[in-house]
Amino acid sequence: MHRAILRVSGGRLGLRRPRPGKWGSLRLTTVGRLSGQERQVILAYFEDGSDLVLLSMNGWHEGHPAWWLNLREAPEATVELGGSGRAVRARAAEGQERARLWDRWRTFDKDLDAYASLRSTEAVVVVLEPRPVV
């Protein structure tokens with residue numbers, strides 16, 4: 001649905017910045033690990049300083065989504081944030097950072113832990129750090 005809104009509006013609608021108590025939506029462009037082709041997906045995120053934070057969920061089904069598998073192979077990507085773009089490098093949050101960011105996700109979804117418990121695969125908390133464009 002988000003893709004259709006973006007396409008029909010010429011990119012003017014469908015992406016939004018986060019607001020207090022509400023996550024934002026961005027368009028992530030990765031390189032396919034098998035195809036080598038650009039792949040785009042629209043994802044929920046919030047900001048943590050200059051970083052963008054995502055959850056690698058697959059509709060709360062088992063396994064990791066293709067976009068995360070692509071980023072593990074080639075962590076450099078780009079994002080569109082409703083009017084602006086940014087070059088990023090992805091990494092998985094670990095330890096205390098992961099716990100802190102997971103806790104922040106709870107402010108957007110009170111049922112986060114219940115959904116996560118439906119899976120045996122732990123959702124990765126993905127941090128997109130800004131990178132300079134060369």
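What you see below is based on every heavy atom in this structure, not just the backbone, and it leaves out hydrogens, waters and symmetry mates. Just so it is clear, the structure is predicted and the values come from calculations on it, not from any experiment.
- R119 contributes a side-chain N or O that, together with a main-chain N or O of G63, makes up a donor-acceptor pair within less than 3.5 Å.
- Here R104 does not pair with E47 in a salt bridge; the nearest charged N to carboxylate O distance is not below 4.0 Å.
- Rounding to the nearest 0.5 Å places OG1 of T121 at 5.5 Å from NE2 of H64.
- Residues E62 and S120 bring a donor and an acceptor atom of their side chains to less than 3.5 Å of each other.
- Contact between R106 and L112 at its shortest, heavy atoms only, is N-CD2, 3.9 Å.
- In this structure a side-chain-to-backbone donor-acceptor pair under 3.5 Å is missing from R39 to N70.
- Classification of E80 and R86 as a salt-bridged pair fails, no side-chain N sitting under 4.0 Å from a carboxylate O.
- Listed by first and then second residue, the ring-ring contact (aromatic ring centres under 6.0 Å, His included) pairs that reach into residues 34-59 are F46-W105, F46-F108, sequence neighbours excluded.
- The shortest distance between side-chain heavy atoms of V125 and S56 does not fall below 4.5 Å.
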One pair to check against side chain to side chain contact (heavy atoms under 4.5 Å, CB included): R98 and E122. What are the steps and the verdict? CA-CA 12 Å; R98 184 192 188 286; E122 182 177 71; 3.3 Å; yes

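- Looking only at side-chain heavy atoms (C-beta outward), L28 and L128 come within less than 4.5 Å of each other.
- Taking CG from L55 and CG from L43, the interatomic distance works out to 10.0 Å, rounded to the nearest 0.5 Å.
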Full working for side chain to side chain contact (heavy atoms under 4.5 Å, CB included) between V41 and T29: CA-CA 7 Å; V41 63; T29 303; over 6 Å; no

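- Between T78 and V88 there is no side-chain heavy-atom pair separated by less than 4.5 Å.
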For E73 and V31: C-alpha separation, side-chain torsions, deciding distance, then whether side chain to side chain contact (heavy atoms under 4.5 Å, CB included) applies. CA-CA 9 Å; E73 291 290 320; V31 174; over 6 Å; no

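- For W67, there are no ring pair (Phe, Tyr, Trp, His ring centres under 6.0 Å) partners at least two apart in sequence or on another chain.
- Between the CG atom of L118 and the NE2 atom of H61 there is a distance of 10.0 Å, given to the nearest 0.5 Å.
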Walk me through it: do R27 and V79 pass the test side chain to side chain contact (heavy atoms under 4.5 Å, CB included)? CA-CA 5 Å; R27 180 168 29 192; V79 295; over 6 Å; no

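- Looking at heavy atoms from C-beta onward, T30 lies out of side-chain contact with Q40 at the 4.5 angstrom threshold.
- Between R89 and E76 there is a salt bridge, since at least one side-chain N of the basic residue sits less than 4.0 Å from a carboxylate O of the acidic one.
- Side-chain contact check for L15 versus I42: some heavy-atom pair is nearer than 4.5 Å.
- When every heavy atom of L54 is checked against every heavy atom of A44, the shortest pair comes out as CD2-O, 3.4 Å.
- Within the 3.5 Å criterion, the main-chain N or O of A77 finds a donor-acceptor partner in the side chain of R131.
- Cation-pi contact between R16 and W23: present, with separation from the ring centre below 6.0 Å and deviation from the ring axis of at most 45°.
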